[in-house]
There are 2 protein chains.
Amino acid sequence: MTELAALQDIKKCPRQYVLAVNDALNVISGKWKLPIIGTLLFGKCRFKELQQNIEKITPRMLSKELKELELNGVVARRVYDSTPILIEYELTPSGHNILKVLDSMVQWGLDHRAEVMKAD
Amino acid sequence: MTELAALQDIKKCPRQYVLAVNDALNVISGKWKLPIIGTLLFGKCRFKELQQNIEKITPRMLSKELKELELNGVVARRVYDSTPILIEYELTPSGHNILKVLDSMVQWGLDHRAEVMKAD
DNA sequence: CCGGATCCGACAGGATACTG
DNA sequence: CAGTATCCTGTCGGATCCGG
C-alpha cells in the first residue's frame with residue numbers, strides 16, 4: 001500500500017485520525033519543543049549550545065523536553081567517549097521530516113491572514 | 001508575490017517562522033479544539049449537537065473553546081431569528097483549510113511509525 | 001436550548017541552588 | 001560540561017449549579 005493510500009484509508013476513521021494527529025501534536029506542542037527542534041534543524045548541538053541558542057530556557061526544562069523528544073523518537077542523544085566526554089543532540093530522520101508539517105502550518109497561517117484581511 | 005514565494009521568504013527568518021507556526025498551533029492545541037473542528041468538518045452544528053457528538057465535554061468547555069475558535073476566525077456563529085431561536089456553528093474557509101495541516105500531521109505520523117519500525 | 005458563574009484539583013512551567 | 005533537586009506559581013480543564 002502506498003503512503004498516500006494509507007492516508008486516504010485513515011481518513012475514513014475519525015477516531016484513528018484524531019489519534020494520529022495527536023501523536024504529531026505531542027511532538028511539537030508545549031513551550032519549548034519548537035525552539036529546540038528549530039535549533040537542531042541547523043545541525044547537532046551540545047546541551048550548553050542549545051541552552052545558549054534558546055533564550056530564557058532553564059536547564060531543567062531543556063533536560064525534560066530533550067528526554068521527551070528522545071522518547072518520541074524525534075531526537076537522538078549521542079555520547080562520545082572522548083576526554084573530556086562529549087554529548088551531542090541531533091534530530092532523527094523523523095525529526096527532520098517534521099519540517100514538512102511546520103511548513104504546512106506556516107502556509108496555513110499565511111492563507112488565514114489573507115482570508116481575515118478579505119473579511120475586514 | 002506568490003504564496004509559495006511567501007513561504008520561502010518567511011523561512012529565512014527563524015523568529016517569524018516560529019511565530020507563524022505558533023499561530024497555527026494555537027488553533028489546534030488543547031484538549032477539545034481538534035474534536036470540535038473534526039465534528040464541524042462534517043457540517044454545521046448546533047451547540048447541543050456538538051455536545052452530544054463530542055464525548056464527555058462539558059458545556060463550559062464547549063462554550064469556552066467555541067469562543068476562542070470564533071475569535072481566531074476559524075469558526076463562525078450563526079444566529080437565526082426563527083421561533084424558537086436557532087444557533088449554529090460552522091467552520092470558516094480558514095477552518096476548512098486546517099484539514100491540510102491535519103493531513104500533513106497524520107502523514108508524518110505514518111512515516112514516523114514506519115521509521116521507528118525500521119530501527120527496531 | 002444555550003450557555004454563565006463559581007469553585008477546585010492537576011499539571012506545565014519557572015526560580016534557584018546544587019552535583020558528578 | 002551536563003545535568004538534578006526542591007520549591008513555587010499560574011493556567012488548563014473538570015464539577016456543579018444557576019439564568020435568559
Side-chain angles (χ1 to χ4, degrees), chain A residues 18-19 21-40 43-72 74-91, chain B residues 18-19 21-40 43-72 74-91:
Chain A
V18 169
L19 288 180
V21 173
N22 273 325
D23 283 348
L25 220 41
N26 285 335
V27 171
I28 53 179
S29 63
K31 187 169 178 180
W32 300 112
K33 303 272 174 59
L34 221 48
I36 292 174
I37 292 174
T39 303
L40 290 178
K44 50 177 69 171
C45 265
R46 311 177 61 162
F47 191 91
K48 192 68 172 297
E49 291 176 314
L50 281 169
Q51 201 182 338
Q52 285 163 347
N53 279 318
I54 304 170
E55 329 186 332
K56 305 269 185 182
I57 193 171
T58 62
R60 182 178 107 84
M61 289 313 292
L62 182 54
S63 171
K64 187 167 152 287
E65 303 286 334
L66 283 172
K67 270 178 191 161
E68 285 181 35
L69 290 171
E70 197 186 349
L71 259 176
N72 285 329
V74 171
V75 161
R77 182 178 190 266
R78 286 261 148 70
V79 181
Y80 300 96
D81 258 351
S82 52
T83 47
I85 210 168
L86 173 63
I87 299 177
E88 282 184 328
Y89 294 89
E90 63 181 318
L91 292 181
Chain B
V18 169
L19 288 180
V21 173
N22 274 323
D23 283 348
L25 221 40
N26 285 334
V27 171
I28 54 179
S29 63
K31 188 171 179 181
W32 300 112
K33 303 273 174 60
L34 221 47
I36 292 174
I37 291 175
T39 303
L40 289 178
K44 50 177 69 169
C45 265
R46 311 177 59 164
F47 191 90
K48 191 69 171 298
E49 291 176 313
L50 281 169
Q51 200 182 338
Q52 286 163 349
N53 279 318
I54 304 169
E55 332 186 330
K56 306 268 185 184
I57 193 172
T58 63
R60 180 179 109 84
M61 288 314 292
L62 181 53
S63 170
K64 188 166 151 287
E65 304 285 338
L66 283 172
K67 268 180 192 161
E68 285 181 33
L69 290 171
E70 197 186 347
L71 259 175
N72 285 329
V74 171
V75 162
R77 183 179 190 265
R78 287 262 149 71
V79 181
Y80 300 96
D81 258 351
S82 53
T83 47
I85 209 167
L86 174 62
I87 299 176
E88 283 184 329
Y89 295 89
E90 62 181 320
L91 292 181

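Because the structure is a prediction, the values reported are computed rather than measured. To find a chain, count down the sequence lines: A is the first, B the second, and so on, and within it residues start at 1.
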note: A/R46, atom CZ; D/dA2, atom C1'; distance rounded to Å ~ 9 Å
Atom pair NZ/CG of A/K64 and A/L69 - distance to nearest 0.5 Å: 10.5 Å
For the pair A/V27 and A/K33, evaluate side-chain contact (heavy atoms from CB on, under 4.5 Å) and give the outcome as yes or no after the intermediate values. CA-CA 7 Å; A/V27 171; A/K33 303 272 174 59; over 6 Å; no
Atom OG1 in B/T39, atom CD in B/Q52: separation rounded to 0.5 Å? 11.5 Å
Any side-chain heavy atom of B/L66 sitting closer than 4.5 Å to one from B/L50? yes
Rounded to whole angstroms, how far apart are CD on A/E65 and P on D/dA2? 18 Å
Could you work out, with salt bridge (charged side-chain N to carboxylate O under 4.0 Å, His left out) as the rule, every residue matching A/K31, not counting sequence neighbours? none
With sequence neighbours left out, what residues match A/T58 under side chain to side chain contact (heavy atoms under 4.5 Å, CB included)? A/R60, A/M61
Answer yes or no: is there a donor N or O on one side and an acceptor on the other, between the side chain of A/S29 and the main chain of A/L25, under 3.5 Å? yes
Any residue of residues 24-34 of chain B with a heavy atom less than 4.0 Å from an atom of DNA chain C: none
Bend angle of the helix from C/dC1-D/dG20 to C/dG20-D/dC1, from helix axes over five pairs at each end, nearest 10°: 50°
Separation of D/dG13 atom P from B/L66 atom CG, nearest Å, is 14 Å
Do A/L62 and A/F47 have side chains that get closer than 4.5 Å, going by heavy atoms? yes
Interface limits on DNA chain C, where chain B has a heavy atom under 4.0 Å of a nucleotide atom: C/dC1 to C/dT6
Atom CG in B/L19, atom CG in A/L34: separation rounded to 0.5 Å? 10.0 Å
Of all of residues 51-60 of chain A, which get a heavy atom below 4.0 angstrom from DNA chain D, listed by number? A/P59, A/R60
